[in-house]
Amino acid sequence: MTNPPSLLNSEQLAAVRHAEGPLVVFAGAGSGKTRVITQRVAHLIEVEGVPAYRILAVTFTNKAAREMRERLEKLVPGQASSLWVGTFHAVCARLLRAHAEACGVKRDFVIYDDSDQKAMLTRVVRDLKLDDRRYPPKLVAWRINTAKQEGVAAEAFEPVDDFERVVHQIYTVYEQRMAASSALDFGDLIFRLVYAMRKDPALRRELQARYDHVLVDEFQDVNHVQFALVEGLCEVHRNLCVVGDDDQSIYRWRGADRRNILDFRRHFPDAKIVKLEQNYRSTQRILRVAHAVVSRNLEREPKQLWTENEEGTPVTVIACEDDRDEANTVVSAMRMLIEAGYSRNDLALLYRVHAQSRVFEEALRQANLPYRVVGGLRFYDRAEVKDLLAYLRVIHNPDDDVSLLRIINTPARGIGKTTVERVLTAAAREGWSVFAALNRAQADAEHSAGTKKKLAGFVQLIEGLRQSNAQGASPAELARTTLHETGYMEALRTEDTPEADSRIENIAEVLGSMDEFETELAEPTLSAFLERVTLETDQARTESDESVTLMTVHAAKGLEFPVVMVAGLEEETFPHRGFEQEDDPEELEEERRLAYVAFTRARERLFLSYAQVRRLYGELKFRRRSRFIEEMPAGEVHWVGLRRSAAPQSQSSFHSHDARDARDADDVRHDSYRAHTSARSASVAARSGERYVDRSVQNDALSDGIQLGMRVRHSKFGVGQVTAFTGGMPPRVTVSFADGARQIVSTYLTPA
DNA sequence: TATGATTCCATTTTT
DNA sequence: TGGAATCATA
């Protein structure tokens, strides 16, 4: 950011100083949004004299909440801690616990994450004797979550077809089971509060009197209940400030509704509107290109970013033959940029879907370029971590069925499937939690004496641990005792495999974070720890190692890098379209916004790449260049890539040329494409000494004459046709011989 | 109950 | 294609 913190432009200032009443701030990418929010909060405290504890600032991610709090710590020292700053979920959880009775929830409810929810639904679907193929938990969960986002409770759910009639049934039983487990899912955290506020005037009055000012960040991502919540909280004082950018709304698929920001004036006709259009991040060219794409959307608030920054260099479009070629070329470009003085931390590679990362990771490893991939599997999703947490949750709340079922036989203690099945049946019949059913299993004639003993042993184990908790053992102590008394650690140690070692390490990491947690809080209770662990799962690992960052465009929102490369700018890939997905203009508009988010991450340089052929689910797919590239003004784009004439065996060359040239060449290539390998063209390019990119050395090993579609001879199998390149080291190729297809190391083949 | 075989599936992801 | 999840079988 080039704007010094103390200097605000006039729009920013207007947003900061607005005193009372509703306010919408349209904050474009890189327009200093966070600064405006924090300055505004500081202004409210210091100038308007609003007590800090009467200000609520809501964000979507913990990272954003943390950042805001840190910045405010500096702006208004000593006061930041009494501010209400947090995610929707964290704030609601806190309010729900404070008003548990009025909200109809247990004060010590546990929070179920998506996988817990899925586990619960699997059980419900099975208990209802429904076909889990027709009602996959994932789909049912989606429908229930949507209902909660729309503020529709189970009893108010109105099915529109047969499927939904069953969903309604599942939803109802699910809610019963959740209540029996004293559990709330993520959707409940917000919905329950809104629901209670709607039904209970006393509670509504109390909550409406709680804050003087409410601020919401990323308002374009708000869903219906969330909107209802803030609207409800502000109904009396109407001091609601929302900040967002409809052009950066990329979470429609999880309930975000841009109309909440677009139609804000409909709900609050007297709302003051501020547009932050000055960008402090990117070059003019980057902004023009980004605007060219997003401004095609029909339903958007008119606005255009501008900047006093430099004109900058043209956006570079890299045309590639296939995905491996793309990876190698992009990585070579990265190396050149690093040689030119950029640090690895300056570089980010963005892609639309995670699956694209693989090829790039390979290429980066080959090139010895350190990288980190953001996203993917999360630490708290690892089995051993979940196991330990499940124990802790059962200790905290033995009625937590999902957690209990997870650990009832982990490590193996002879409580098998049949036994569990019997216990579950009893629980379902009597409406007990599983733990309650276990406690009564001794009277159940169905169990053998041996089984009863094992069940009693398990109950005793849990009761013992619960006692330690009641006697004031700290969470970390409890965890250590648990690992010891359950034999969990012992089981891992005796395994003595590298996997078990890494599990032990992961558990050690959890224990470490628990120790840390205990030093942070005055009262580090088990329940506080559990809440933190389910609610604060963000990926924000701050690895200081110099490395290139790889992530999805979604994950990049809110970040910025001097150099951004966006891969896979092809139809179907970006804009993405899943198979059998009909064309939905709404979807396309969201893809445009996604592209806009991607492009505006770049400060100085933006590279876009595409491949003409992409390997997808094991098949080669021809790809057309993304319409987003076509939509860019020709003068803004610098083309780099392969060009070949129509003759199949002709020379390839790698050079830069202008847009028209590239387009023509592209058409030709499309018709005549014979699926040359990246390797082939790379080596040809290297030999012909074309400028710009020195293709990586490993490709030469893959080349020499072998091409897709070509007839080849193998000493043992005879003559066949090359149908695919598999890659790897040593490079392999799929050849279909008379008696079937085989994978062959390409060096054993000669052209036939 | 553990392991290999088989089947199924496949944006985006935070809370 | 590849991975996760489920199934089958000793």
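Below, chains carry the letters A, B, ... as their sequence lines are ordered, and counting in each starts from 1. Worth knowing before you read on, the calculation uses all heavy atoms, side chains too, and leaves out hydrogens, waters and symmetry mates.
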Rounded distance (Å) that lies between atom [atom2] of [N] and atom [atom1] of [X]:
X	N	atom1	atom2	value
A/Trp142	B/dT13	CH2	P	19 Å
A/Arg252	B/dT14	CZ	C1'	18 Å
A/Gln248	B/dT12	CD	P	20 Å
A/Asp116	B/dT14	CG	P	17 Å
A/Ile250	B/dT13	CD1	P	9 Å
A/Arg133	B/dT7	CZ	P	11 Å
A/Glu218	B/dT15	CD	P	12 Å

For A/Phe60, report the nucleic acid contact type (base, sugar-phosphate, nothing); a contact means any heavy atom under 4.0 Å.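 Sugar-phosphate: the residue A/Phe60, judged by heavy atoms under 4.0 Å, touches backbone atoms but no base.
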Using the side chain to side chain donor-acceptor pair (under 3.5 Å) rule, collect all pairs that involve residues 407-419 of chain A, keeping only residues at least two apart or in two chains.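 Pairs touching residues 407-419 of chain A that pass the test: A/Tyr391-A/Arg413.
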C/dT1 base stacked by A/Tyr617 (centroids within less than 5.5 Å, tilt under 30°):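 Here the ring of A/Tyr617 and the base of C/dT1 are not stacked, as the 5.5 Å and 30° limits are not both satisfied.
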Protein-nucleic acid N or O pairs under 3.5 Å, nucleotides 2-6 of chain C:
residue	atom	partner	partner atom	Å
C/dG3	OP1	A/Arg358	NH2	2.6

For [X], check side chain to side chain donor-acceptor pair (under 3.5 Å) against everything at least two apart and list the hits.
X	answer
A/Gln356	none
A/Asp217	A/Lys33
A/Ser609	A/Glu326

Could you list the residues that satisfy ring-ring contact (aromatic ring centres under 6.0 Å, His included) with [X], not counting sequence neighbours?
X	result
A/Tyr195	A/Phe191
A/His554	A/Tyr251, A/Trp253
A/Phe360	none
A/Phe60	A/Phe88

What N/O pairs connect the protein and nucleotides 3-5 of chain B at under 3.5 Å? Give each pair on its own line.
none

Please name the residue in the list A/Arg623, A/Arg624, A/Arg627 that meets the side-chain hydrogen bond (donor to acceptor under 3.5 Å, both in side chains) test with A/Glu571.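 Exactly one candidate clears the test, A/Arg627.
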Salt bridge (Lys or Arg N to Asp or Glu O under 4.0 Å) contacts in which one or both residues fall within residues 182-194 of chain A, not counting sequence neighbours: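 Matches after skipping sequence neighbours: A/Lys148-A/Asp185, A/Lys148-A/Asp188, A/Glu175-A/Arg192, A/Asp188-A/Arg192.
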Near DNA chain B, counting only heavy atoms under 4.0 Å, which residues of residues 403-412 of chain A show up?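 Residues of residues 403-412 of chain A under 4.0 Å from DNA chain B: A/Asn409, A/Ala412.
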Counting only distance, no hydrogens or angles, is the base of B/dT12 paired donor-acceptor with the side chain of A/Arg254 under 3.5 Å?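 Check fails, no donor-acceptor contact within cut-off.
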